[in-house]
> 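First, the structure itself, so that you have it in front of you.
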Amino acid sequence: MNWFDTKFYHILYKNRDHKEAELFIENLIDKLKIKKNSKVLDLACGRGRHSIFLNKKGMIVSGFDSSENNILEAKKNNTKNLKFFKKEMDKSYNDSFDVVFNLFTSFGYIDHNYNTKVFQRISESLNINGLLVLDFLNILHVKKNIVKEEIKKVDNITFNIKRFIKNQILYKKIDFTYHKNEYSFKESVMCLELKNFKDYLKELPLEIIEIFGNYNLEKFHLDSERLIMVIKKSQP
Ligand SMILES: C[S@@+](CC[C@H](N)C(=O)[O-])C[C@H]1O[C@@H](n2cnc3c(N)ncnc32)[C@H](O)[C@@H]1O
């Protein structure tokens, strides 16, 4: 089973909760002056923690995720203006949006071709002057501060975590025992830097207009924890 489809992912990342999502979204709405009634997409929405709050703030929200279990869970929150769909992010979105959010390192899982396709899909679905907010890890910070081995106990599960970088891919190996069964999962994400993102955007009517370094939206610098890009769609 895919790691993101398991309940263990949500246990390990328990701290990545609604409170964190709400603070981040509140800050983004304020800073980017996102209007009520905007039509927004939460791309790779997980169980919908950001989507749910965006909807509470008056937006018309679609959430896409490739994980069946996440979408089933998210759908419990469906309202007239909050809908979730099982969808791969490189497939046509068949809709248009004022803002697309891709949050908490939900990008760069496959390869450069796939990433290019995703940007094309986003670009064709954004309205002119629409925004993409892409929240990725700052790989420079990760490389400098990588914790190679860690033991994390959450909800009585002891997760043994190993992190390493090989061929420009950041791996996180997660081993644990649960009800006497042994489990082993791997997360992997491409080591993408700002320059890689700029390359993806070159041929598209998309331009980075602002970069933040954390969820409080402080300015990005080389040692920031996050690389949060605000990207604007111009007239093609
Ligand atoms: C790190 S989680 C973040 C989820 C959510 N954005 C959040 O902050 O809670 C990444 C999500 O991306 C989804 N995902 C991975 N590959 C995908 C793809 N190709 N298309 C759509 N969603 C994908 C996973 O199922 C997972 O829910």
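Both counts, for ligands and for their atoms, begin at 1 and track the order of listing.
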> Checking His141 side chain against Asp223 main chain: does a donor-acceptor pair fall under 3.5 Å?
yes
> How far is atom 16 (N) of ligand 1 from its nearest protein heavy atom, and which residue and atom is that?
Tyr109 CD1, 3.5 Å
> Which one of Lys87, Arg47, Glu187 has a non-hydrogen atom at the shortest distance from atom 21 (C) of ligand 1?
Lys87
> Heavy atoms only: which of Ala21, Ala44, Gly108, Ala74 is nearest to atom 4 (C) of ligand 1?
Ala44
> Note the single closest protein heavy atom to atom 3 (C) of ligand 1, along with its residue, its atom name and the distance in Å.
Ser106 OG, 3.3 Å
> For Phe104, which part has a heavy atom under 4.0 Å from ligand 1: side chain, backbone, both, or neither?
both
> Any non-hydrogen atom of Phe64 lying under 4.0 Å from ligand 1?
no
> Taking both backbone and side-chain atoms of Glu88, is any N or O found less than 3.5 Å from an N or O belonging to ligand 1?
yes
> With side chain to side chain donor-acceptor pair (under 3.5 Å) as the test, would you mind laying out the steps for Asp135 and Tyr215 before giving the verdict?
CA-CA 9 Å; Asp135 159 36; Tyr215 293 153; 2.7 Å; yes
> Please list the nearest protein heavy atom to atom 13 (C) of ligand 1 with its residue and the distance rounded to 0.1 Å.
Asp65 OD2, 3.3 Å
> Considering only the protein, which heavy-atom contact is closest to atom 2 (S) of ligand 1, and what is its distance?
Tyr9 OH, 3.2 Å
> Report yes if Tyr114 has an N/O atom closer than 3.5 Å to an N/O atom of ligand 1; otherwise report no.
yes
> Among side-chain atoms of His10 and Asn70, is any donor-acceptor pair under 3.5 angstrom?
yes
> Ligand 1 versus Cys45, non-hydrogen atoms closer than 4.0 Å: side chain, backbone, both, neither?
backbone
> State whether the side chain of Arg121 and the backbone N or O of Asp90 hold a donor-acceptor pair below 3.5 Å, judged by distance alone.
yes
> Please classify the His50 to ligand 1 contact at 4.0 Å (heavy-atom distances, strictly less than): side chain, backbone, both or neither.
side chain
> State whether the side chain of Asp5 and the backbone N or O of Asn2 hold a donor-acceptor pair below 3.5 Å, judged by distance alone.
no
> What I want to know is whether Leu103 and ligand 1 share at least one N or O pair that is separated by under 3.5 angstrom.
yes
> Taking the six-membered ring for Trp and the full ring for Phe, Tyr or His, determine whether the centres of Phe104 and His50 are under 6.0 Å apart.
no
> Less than 6.0 Å separating the ring centroids of Tyr171 and Phe164?
yes
> Could you tell me, atom by atom, which parts of ligand 1 come under 4.0 Å of a heavy atom of Gly46?
4 (C), 5 (C), 27 (O)
> Under 4.0 Å from a heavy atom of Ser67: give me the atoms of ligand 1 that qualify, with their elements.
25 (O)
> Pull out every atom of ligand 1 sitting under 4.0 Å from any heavy atom of Asn70, numbered as shown with elements.
25 (O), 27 (O)
> Looking only at distance, does Met89 have an N or O less than 3.5 Å from an N or O of ligand 1?
yes
> Step by step, would you call Arg47 with Ser67 a side chain to side chain donor-acceptor pair (under 3.5 Å)?
CA-CA 9 Å; Arg47 290 179 172 178; Ser67 151; over 6 Å; no
> Do the side chain of Asn55 and the main chain of Ser51 share a donor and acceptor less than 3.5 angstrom apart?
no
> Can you list the steps and then say if Asn160 with Asp175 is a side chain to side chain donor-acceptor pair (under 3.5 Å)?
CA-CA 5 Å; Asn160 292 290; Asp175 297 318; over 6 Å; no
> Is the gap between the ring centers of Phe185 and Phe4 under 6.0 Å?
no
> For ligand 1, note which part of Tyr13 has a heavy atom under 4.0 Å away: side chain, backbone, both or neither.
neither
> Please list the nearest protein heavy atom to atom 7 (C) of ligand 1 with its residue and the distance rounded to 0.1 Å.
Arg49 NE, 3.3 Å
> Name the closest protein heavy atom to atom 23 (C) of ligand 1, giving the residue it belongs to and the distance to 0.1 Å.
Ser66 OG, 3.0 Å
> Under 6.0 Å between ring centres, would you say that holds for Phe8 and Phe159?
no
